[in-house]
Every structure is written in structure tokens, then in C-alpha cells.
Amino acid sequence: MWRRSPLSRFSSRLSLSLFFFFVPKPYTDPMVSRTLRRHHYARRYWELSKARLSMLVVATSGTGYILGTGNATVNLSGLCYTCAGTMMIAASSANSLNQIFEISNDAKMKRTMRRPLPSGRISVPHAVAWAVIAGASGACLLASKTNMVAAGLGAANLVLYAFVYTPLKQLHPVNTWVGAVVGAIPPLLGWAAASGQISLNSMILPAALYFWQIPHFMALAHLCRSDYAAGGYKMLSLFDPTGKRTAAVALRNCFYMVPLGFIAYDWGLTSSWFCIESTLLTMAIAATAFSFYRHGTMEKARKMLHASLLFLPVFMSGLLIHRVYDDNQQPVLEVAGLSNSASGEVIQTQRRKKRAAQAPVAYSSAAPFPFLPAPSLYSP
Ligand SMILES: CC(C)=CCC/C(C)=C/CC/C(C)=C/COP(=O)(O)OP(=O)(O)O
């Protein structure tokens with residue numbers, strides 16, 4: 001049998017005695033216990049915020065802000081305020097309220113049972129206080145540092161997520177589509193924070209997010225189907241034992257994303273490179289959805305989930321890399337003495353951009369009455 005040498009026993013006792021001599025007792029020293037308590041709650045707040053989901057939400061809002069800026073120089077403080085406001089409303093408040101309403105459901109699901117509320121690591125009043133304070137501060141931050149459109153979108157989305165989507169999960173499979181609207185709002189919020197308005201071309205990234213969420217959540221719902229059933233949620237996958245319908249819905253929504261790259265170009269948001277990139281990307285995710293449709297296995301559903309996780313960051317990076325900003329481009333081309341065709345392209349882009357920059361109301365109000373002139377939102 002292995003025995004420790006006297007020297008090793010002596011040195012471990014010595015290090016233990018030194019440790020207890022120098023390190024203050026955690027629960028007797030008020031300073032240390034306060035630090036520990038702060039650390040404990042910081043971790044619980046972080047968990048309540050569903051950190052990974054929140055990072056994604058903030059990233060979409062930040063991308064919306066940069067796209068909505070419309071010129072080369074992005075106002076960094078505005079971007080930071082927008083991201084912080086979105087983080088507070090979306091992550092801290094919306095996600096905390098969602099978990100407060102779903103304590104008993106989350107406790108029954110393997111995926112969620114270790115969350116701070118079902119596992120009893122934070123009390124309900126504490127979580128409610130955190131959600132209210134974070135939500136109100138986030139809305140005030142957006143209202144004071146950006147504008148009321150962004151603050152209003154944030155507050156409305158909080159209500160939609162916590163008070164419409166969350167209860168709907170236990171009532172009807174349509175919840176996934178309502179959830180897709182919730183996920184599509186943050187980039188619109190970001191755009192509104194930068195530009196103070198909602199225009200047609202501000203809808204491209206939200207549309208992508210809306211359609212993208214369907215294959216993403218269909219894959220999740222198929223993979224975690226027994227967990228969702230245990231939690232009492234009504235997901236489409238629970239009414240679809242073969243997975244065929246779930247996969248068909250995912251595939252259909254992948255195809256809806258195909259025109260987005262062309263629309264982004266046509267409306268002057270990106271260069272033509274983005275059409276190619278976006279088409280290749282959507283065809284790749286559609287291929288995984290088709291494979292899931294054909295085979296209906298867990299393996300194929302997982303592949304579609306992984307493809308969806310890759311899709312969004314690449315799509316958003318493409319939008320940012322190929323975005324077209326007008327006010328700095330024309331002078332640069334002129335100074336560089338570039339050909340007429342190059343500056344002609346810039347003028348065309350600006351025209352397209354101007355057309356798409358009109359608020360959607362200009363189109364929708366004209367649509368049922370094609371004989372009426374479309375109202376112009378521009379002052380001459
Ligand atoms: C500005 C603002 C308020 C933005 C909100 C952004 C936000 C929280 C988007 C999440 C969208 C969504 C449907 C998530 C799934 O929640 P789930 O409840 O199905 O997830 P779970 O099963 O893990 O709890």
C-alpha cells in the first residue's frame with residue numbers, strides 16, 4: 001500500500017496551517033462575506049440572463065446599429081449605449097421574467113433544471129426586483145442616450161417576450177413564430193437607435209433573423225422533444241413523430257432567406273458580393289434542412305442546429321463587411337479620380353438606398369390604392 005513520506009505529511013500540514021492563518025475566515029470576516037455574497041449574486045444574475053443567448057441578442061442589436069449608421073464613422077458611444085440598453089432589457093429583464101414564469105416547467109426539464117430559480121439558488125422576489133430594475137434602467141438608458149423609438153421597441157419587445165411568448169409556449173405551437181418576432185426586433189432596435197427611424201432597408205436583418213430562428217428552433221424542438229414534453233410545452237415537434245413536418249417547416253424558412261442578399265443589394269445596403277455570399281450561405285443551411293427532411297434522424301437535426309449556429313455570425317459579418325455607406329464614398333471616388341462608371345454605381349446605390357429608406361408606411365398606404373401617388377416622406 002502507498003504511504004506518504006513524513007516529509008510530505010509535514011509539508012501539507014504546514015501549508016494548511018499557513019492557509020488558515022493568513023486567509024480570513026470567509027463567513028466571520030464581514031468584508032470577505034460581503035465580497036462572496038456579491039460574487040454569488042453576480043453569478044446568479046448572469047445565469048438569469050441566459051448569457052449565451054443574450055450575447056447573441058446584443059450582437060444582433062449592435063449589427064443593426066452599425067448598419068443603421070449609414071456612413072463610415074460609427075458613433076462608438078452610441079453603439080455602447082445601445083448594446084448596454086439591449087443587454088439590460090433583453091438579457092437581464094426579459095430572460096429573468098421568462099424564468100420567473102417558468103420555474104415549475106424548467107424544474108422538470110433536464111436542460112433547464114439547474115437554472116438558479118428551479119434549483120433554489122436565488123429567491124423569486126430577488127429575481128423580480130432584478131428584472132424590474134434592469135428593465136427600467138435599460139429603457140431609460142436607451143431613451144436618454146439614443147431615442148424614444150429604440151426605447152419603445154425595447155420595452156414592447158420585453159412585453160412580447162415575457163407576457164405573450166412565454167405563456168404561449170404552454171398553449172400552442174404557434175409560440176415558435178411569435179418567438180421569432182421577438183428575436184427579430186433587437187437589430188431593428190439597433191437600427192432605430194442609430195438613425196432614429198424605421199425604414200424598409202432596416203427590415204433586412206430582422207427578416208433574416210425571423211426566418212433563421214425557425215430552422216434553429218425546429219432543430220432544438222426535435223432534439224429536446226422529450227424534455228419539452230416533460231416541461232409541458234406545446235412545440236410542433238411533439239405533434240410530429242416522424243419529424244417530417246418539423247423539417248419541412250425548417251426547409252421552407254431556409255428558402256425564404258434566399259432573396260435577402262439580393263434585396264440588401266437592391267436597396268443599397270450592401271455591395272453585390274453579399275448576394276453571392278448570402279445565397280451560398282442559405283443554400284448550405286437549406287441543404288442540412290433537406291437532409292433532415294429526407295432522413296428524419298437526430299443526427300441530421302443536430303447537423304441543422306450546428307449549421308444554424310454558424311449561419312448567423314457569418315451572415316451578420318457579411319452584412320458588415322459588404323455594407324455600403326454613401327456620404328463618404330462619393331468624395332473618395334471623386335478625389336481618387338475614378339472612372340465615371342464607378343461613380344455612376346455610387347449614385348445608383350444612393351438612389352436605391354433613398355428609395356428603400358422611406359418608412360414602410362409610404363408603401364403600405366399606397367399598396368391598396370395603386371392609382372394614388374405614393375406619399376413622399378422627403379421634404380423637397
Ligand atoms: C429587446 C428585447 C426585450 C429583446 C428580447 C430578445 C430575446 C430574449 C430573444 C429570445 C428569443 C427566443 C424566442 C428565445 C427562446 O426562449 P425560450 O423561453 O424558449 O428559451 P428556454 O426554453 O431556454 O427558456
Side-chain angles (χ1 to χ4, degrees), residues 47-62 64-65 82-118 131 134-139 141-143 146 149-193 206 209-210 212-221 223-225 227-237 308 312:
E47 288 173 75
L48 274 179
S49 303
K50 300 187 189 165
R52 266 183 300 173
L53 171 68
S54 304
M55 296 293 199
L56 191 66
V57 171
V58 170
T60 62
S61 170
Y65 186 94
T82 305
C83 290
T86 309
M87 185 75 180
M88 285 185 204
I89 305 185
S92 312
S93 189
N95 283 322
S96 303
L97 287 174
N98 170 269
Q99 290 181 62
I100 291 164
F101 295 140
E102 292 182 341
I103 299 175
S104 58
N105 311 77
D106 280 353
K108 292 177 200 142
M109 291 173 65
K110 274 196 224 115
R111 187 172 65 87
T112 52
M113 59 176 45
R114 282 183 301 276
R115 283 182 176 171
L117 281 162
S137 319
L141 185 72
L142 286 178
T146 63
V149 186
L153 278 172
N157 209 30
L158 168 63
V159 172
L160 187 65
Y161 183 58
F163 300 100
V164 180
Y165 167 73
T166 302
L168 207 53
K169 280 170 76 182
Q170 296 175 52
L171 297 175
H172 198 278
V174 77
N175 70 69
T176 307
W177 283 265
V178 177
V181 176
V182 175
I185 300 290
L188 200 61
L189 183 161
W191 183 292
L209 264 155
Y210 175 86
W212 164 83
Q213 278 173 99
I214 307 295
H216 177 77
F217 283 116
M218 287 300 149
L220 255 184
L223 289 169
C224 307
R225 153 212 288 218
D227 225 15
Y228 276 118
Y233 296 120
K234 303 268 189 297
M235 310 308 279
L236 181 72
S237 59
S308 76
L312 197 59

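Numbering starts at 1 and runs along the sequence shown. Whatever order the structure lists them in is the order used to number ligands and atoms, beginning at 1.
- Under the side-chain contact (heavy atoms from CB on, under 4.5 Å) test applied with P186, the options T82, V58, N157 reduce to a single match, N157.
- Formation of a donor-acceptor pair under 3.5 Å by the T166 side chain with backbone atoms of Y161 is found in this model.
- Residue contacts with ligand 1 for N98 involve side-chain atoms from C-beta outward but no N, CA, C or O (heavy atoms, distance under 4.0 Å).
- Of the options F101, Y161, F217, the smallest heavy-atom separation from atom 16 (O) of ligand 1 is shown by Y161.
- Counting protein heavy atoms only, atom 23 (O) of ligand 1 is closest to R115 NH2, 2.8 Å.
- Protein heavy atom at the shortest distance from atom 18 (O) of ligand 1 is K169 NZ, 2.8 Å.
- Here K169 pairs with E102 in a salt bridge; the nearest charged N to carboxylate O distance falls below 4.0 Å.
- Which of L153, T60, V182, D106 comes nearest to atom 9 (C) of ligand 1 through a heavy atom is settled by distance: it is V182.
- For ligand 1, the polar-atom distance check finds no N/O of Q213 at less than 3.5 Å from any of the ligand's N/O atoms.
- Not a single N or O atom of N95, backbone or side chain, sits closer than 3.5 Å to an N or O atom of ligand 1.
- A distance of 6.5 Å separates CZ of F217 from CH2 of W212, quoted to the nearest 0.5 Å.
- Nearest to atom 10 (C) of ligand 1 by heavy-atom distance, out of L97, L53, N157, is L53.
- Checking only distances, T112 never comes within under 3.5 Å of ligand 1, N or O to N or O.
- Put simply, the side chain of S54 gets close to the backbone of K50: a donor and an acceptor are under 3.5 Å apart.
- Looking at Y228, W177, Y165, it is Y165 that brings a heavy atom closest to atom 15 (C) of ligand 1.
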- prompt: Where do N95 and S49 land on the side-chain hydrogen bond (donor to acceptor under 3.5 Å, both in side chains) test, with the steps shown first?
  reply: CA-CA 5 Å; N95 283 322; S49 303; over 6 Å; no
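- With a heavy-atom cut-off of 4.0 Å, Q99 does not touch ligand 1 at all.
- For the side-chain contact (heavy atoms from CB on, under 4.5 Å) with M235, the qualifying choice from D227, N175, L220 is N175, the only one to do so.
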